[in-house]
Amino acid sequence: MTLPVYEVARYDSITHFPLEAELKLKLTLDSIPEQPVFQENNVYQPLEKEFNWIVVGVLVGGIVLVILVFYLLFAERIKRLLKDRSQKRRWRQFEKEWIKQTTRLTQNPSLDLADEVQGLWKSFMEKLTHQPFQEWTSSEIGEKLDDPEVFKALRAIDLIIYAGVSEKVKKLLIIYFR
């Protein structure tokens, strides 16, 4: 077996191969006992673990991909559910306040209470339909909604606001706000 030797010149190198030589290796072991004796060692040695950024990157990328696919597939349905839930919550709040205000108005009709009830209804309708109910008169609202019952109820409130309270108005309030 021979190993090359390199002579490095200024712009080139020359390879020399010496004569082959024989290498003898003799491996020897001390005598092996008949029964090997093992040393007791039950203390665990901590192993250093490197943080595996590749696995973390793949997991985060997979989670982002799943969320993106989930969003693309179900975004409209989720938006609709959230909008419906918000609308139901607004309706429950309005209904609770509406019952309280109309009960107070039928028991004790006054200008302030009539104005509050009308304002509450108009603001709810404005949020619901995105139309300027606050600026419209009762006649305009009745015309836009094409509902004679709503028109009559608004007229009863207008009678309290503009004409004062009478027994006829009290009867109308009891009929429309029960």
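Counting begins at 1 with the first residue of the sequence.
Minimum interatomic distance between Gln134 and Gly119 (heavy atoms only, all atoms of both residues): NE2-O, 3.6 Å. The two residues Ser139 and Arg155 make their nearest non-hydrogen contact at OG-NH2, 3.0 Å. Contact detail for Leu154 and Ser138: the closest heavy-atom pair is CB-OG, 3.6 Å. Across Leu3 and Pro18, no two heavy atoms sit closer than the pair O-CD, 3.2 Å. Shown here for Phe17 and Pro4, the closest heavy-atom pair between the two residues is CE2-CB, 3.5 Å.
Every residue meeting the side-chain hydrogen bond (donor to acceptor under 3.5 Å, both in side chains) condition with Glu7, not counting sequence neighbours, appears here in chain and number order: His16.
Within the 4.5 Å cutoff, side-chain heavy atoms of Ile78 are placed close to those of Leu82.
Judged by the 6.0 Å distance and 45° axis criteria, Lys122 is not positioned over the aromatic ring of Trp136.
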> Under the ring-ring contact (aromatic ring centres under 6.0 Å, His included) criterion, do Trp121 and Phe133 qualify, and how do the steps go?
Replying inline: CA-CA 9 Å; Trp121 183 81; Phe133 277 85; 5.8 Å; yes
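Rounding to the nearest 0.5 angstrom, the gap separating the CE atom in Met125 from the CZ atom in Phe94 is 8.5 Å. Remark: Gln87 CD to Arg92 CZ distance equals 11.0 Å, nearest 0.5 Å. Taking CG of Leu113 as the reference point, atom OG1 of Thr102 lies at 10.5 Å (rounded to 0.5 Å). Note that CD of Glu116 is 9.0 Å distant from NZ of Lys100, once rounded to the nearest 0.5 Å. To the nearest 0.5 angstrom, Glu135 atom CD is 10.0 Å from Ile141 atom CD1.
Leu120 and Phe151 fall into different hydrophobic clusters, where Ile, Leu, Val, Met, Phe, Trp and Tyr side chains are chained together by heavy-atom contacts under 4.5 Å.
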Which donor-acceptor pairs under 3.5 Å do the side chains of residues 47-73 make with protein atoms, sequence neighbours left out?
unit_1: Asn52; atom_1: OD1; unit_2: Ile54; atom_2: N; d: 3.4

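The environment of Asp84 atom CG is dense: over 12 non-hydrogen atoms of other residues, nucleotides or ligands sit within 6.0 angstrom.
A distance below 6.0 Å separates the ring centres of Trp91 and Phe124.
No side-chain donor from either of Gln93 and Glu97 sits under 3.5 Å from a side-chain acceptor of the other. A donor-acceptor contact closer than 3.5 angstrom is absent between the side chains of Gln107 and Arg104.
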